[in-house]
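Worksheet for the structure shown next.
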Amino acid sequence: MNYHFIINPRSGNAKNIDAYEAIIGATCGRHGADYTIKHTKNQGHERVLAKEAVQQKAHVVVAVGGDGTINHIASELVGTETRLGIIPKGSGNGLANELGIPRNPAKACAALFASRPMSIDVGKMNDQYFFNIA
């Protein structure tokens with residue numbers, strides 16, 4: 001399986017980006033997973049990166065950010081075979097909390113490999129998808 005991690009450096013605590021990358025690298029290394037890490041450059045860039053990941057046949061796109069980042073990334077995955085993973089890095093992390101994803105980045109990253117896929121509902125309003133918040 002290959003994983004594409006999309007980190008929003010502006011979400012939550014922007015100072016710990018290196019720590020998130022180290023955790024991702026170590027966890028993927030332990031599991032022998034192929035992975036890439038990309039950072040968003042501005043609002044909406046996560047959509048571009050998610051589309052690219054789908055085109056590159058990523059098995060899992062992991063949103064590393066808050067609910068806004070998750071909404072943008074997940075919207076590009078609707079109707080594809082690409083799965084969404086979440087490592088909470090926002091201030092509220094509503095969807096991650098509802099799904100029982102740990103706030104601790106190392107535990108959340110480990111959960112990517114210990115959990116099994118599940119379907120969740122998706123809403124659509126004014127031609128935009130939403131997940132947990134609208």
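The minimum heavy-atom distance between Ala106 and Ile23, with the atom names listed, is CA-CG2, 3.6 Å. In terms of heavy-atom proximity, Ala108 sits nearest to Pro102 at CB-O, 3.4 Å. Counting all heavy atoms, side chain and backbone alike, Asp67 lies closest to Gly94 at OD2-N, 2.8 Å. The minimum heavy-atom distance linking Pro9 with Thr40 is given by the pair CD-OG1, 3.3 Å.
The number of heavy-atom neighbours closer than 6.0 Å to CD of Gln43, taken from other residues, nucleotides and ligands shown, is 12 or below.
Pairs passing the salt bridge (charged side-chain N to carboxylate O under 4.0 Å, His left out) check and including a residue from residues 36-49, sequence neighbours excluded, read Lys38-Glu52, Arg47-Glu76.
Residues Phe5 and Tyr20 share a hydrophobic cluster, clusters being chains of Ile/Leu/Val/Met/Phe/Trp/Tyr side chains in contact below 4.5 Å. The hydrophobic clustering, which links ILVMFWY residues whose side-chain heavy atoms are closer than 4.5 Å, places Met118 and Ile101 together. Residues Ile87 and Ile120 do not share a hydrophobic cluster, clusters being chains of Ile/Leu/Val/Met/Phe/Trp/Tyr side chains in contact below 4.5 Å. A single hydrophobic cluster is not seen to contain both Tyr35 and Leu77; linkage of ILVMFWY side chains at heavy-atom distances under 4.5 Å, directly or through other members, places them apart. Residues Ile86 and Ile73 share a hydrophobic cluster, clusters being chains of Ile/Leu/Val/Met/Phe/Trp/Tyr side chains in contact below 4.5 Å.
The distance from atom CD1 of Ile6 to atom CG of Leu49, rounded to the nearest 0.5 Å, is 5.0 Å. Here the straight-line distance linking atom OG1 of Thr80 with atom NZ of Lys57 works out to 10.0 Å at 0.5 Å rounding. Between the OG atom in Ser75 and the NZ atom in Lys51 there is a gap of 10.5 Å [rounded to 0.5 Å]. Rounded to the nearest 0.5 angstrom, Leu99 CG and Ser115 OG are separated by 10.0 Å. Atoms CG and NE2, on Asn8 and His45 in that order, are 11.0 Å from each other to the nearest 0.5 Å. In this structure, OG1 on Thr27 lies 8.5 Å from CG on Leu112, to the nearest 0.5 angstrom.
A 4.5 Å side-chain heavy-atom check between Asp34 and Tyr3 finds every atom pair outside the cut-off. With a 4.5 Å cut-off on side-chain heavy atoms, Ile24 and Ile7 count as touching.
With hydrogens and angles disregarded, a donor-acceptor distance shorter than 3.5 Å links the side chain of Asn104 to the backbone of Lys107. Panel note: side chain Lys89, backbone Val64; no donor-acceptor pair is recorded below 3.5 Å. Side chain of Thr82 to main chain of Ala58: a donor-acceptor pair is present (N/O by atom type, distance under 3.5 Å, no hydrogens or angles). A donor-acceptor pair is defined here as one N or O able to donate and one able to accept, closer than 3.5 Å; no such pair exists between the side chain of His72 and the backbone of Gly44.
Ring geometry for Tyr129 against Phe131 counts as tilted: the plane angle lies between 30° and 60°, on a 0 to 90° scale. Taking the six-membered ring for Trp and thresholds of 30 and 60 degrees, Phe113 and His31 have nearly parallel ring planes, at less than 30 degrees apart.
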| request: Could you give me the CA-CA distance, side-chain angles and deciding distance for Arg83 and His59, then say whether side chain to side chain contact (heavy atoms under 4.5 Å, CB included) is met? | output: CA-CA 6 Å; Arg83 298 176 186 161; His59 293 106; over 6 Å; no
| request: Applying side-chain hydrogen bond (donor to acceptor under 3.5 Å, both in side chains), run through Glu21 and His39 and close with a yes or a no. | output: CA-CA 10 Å; Glu21 288 188 4; His39 296 213; 2.4 Å; yes
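Of the residues Ile70, Val60, Val62, the one that meets the side-chain contact (heavy atoms from CB on, under 4.5 Å) test with Leu84 is Ile70.
The side-chain tip of Lys124 does not point at the ring of Phe130 from less than 6.0 angstrom away and within 45° of straight on.
For Asn97, the side chain to side chain contact (heavy atoms under 4.5 Å, CB included) partners at least two apart in sequence or on another chain are Asn93, Arg103.
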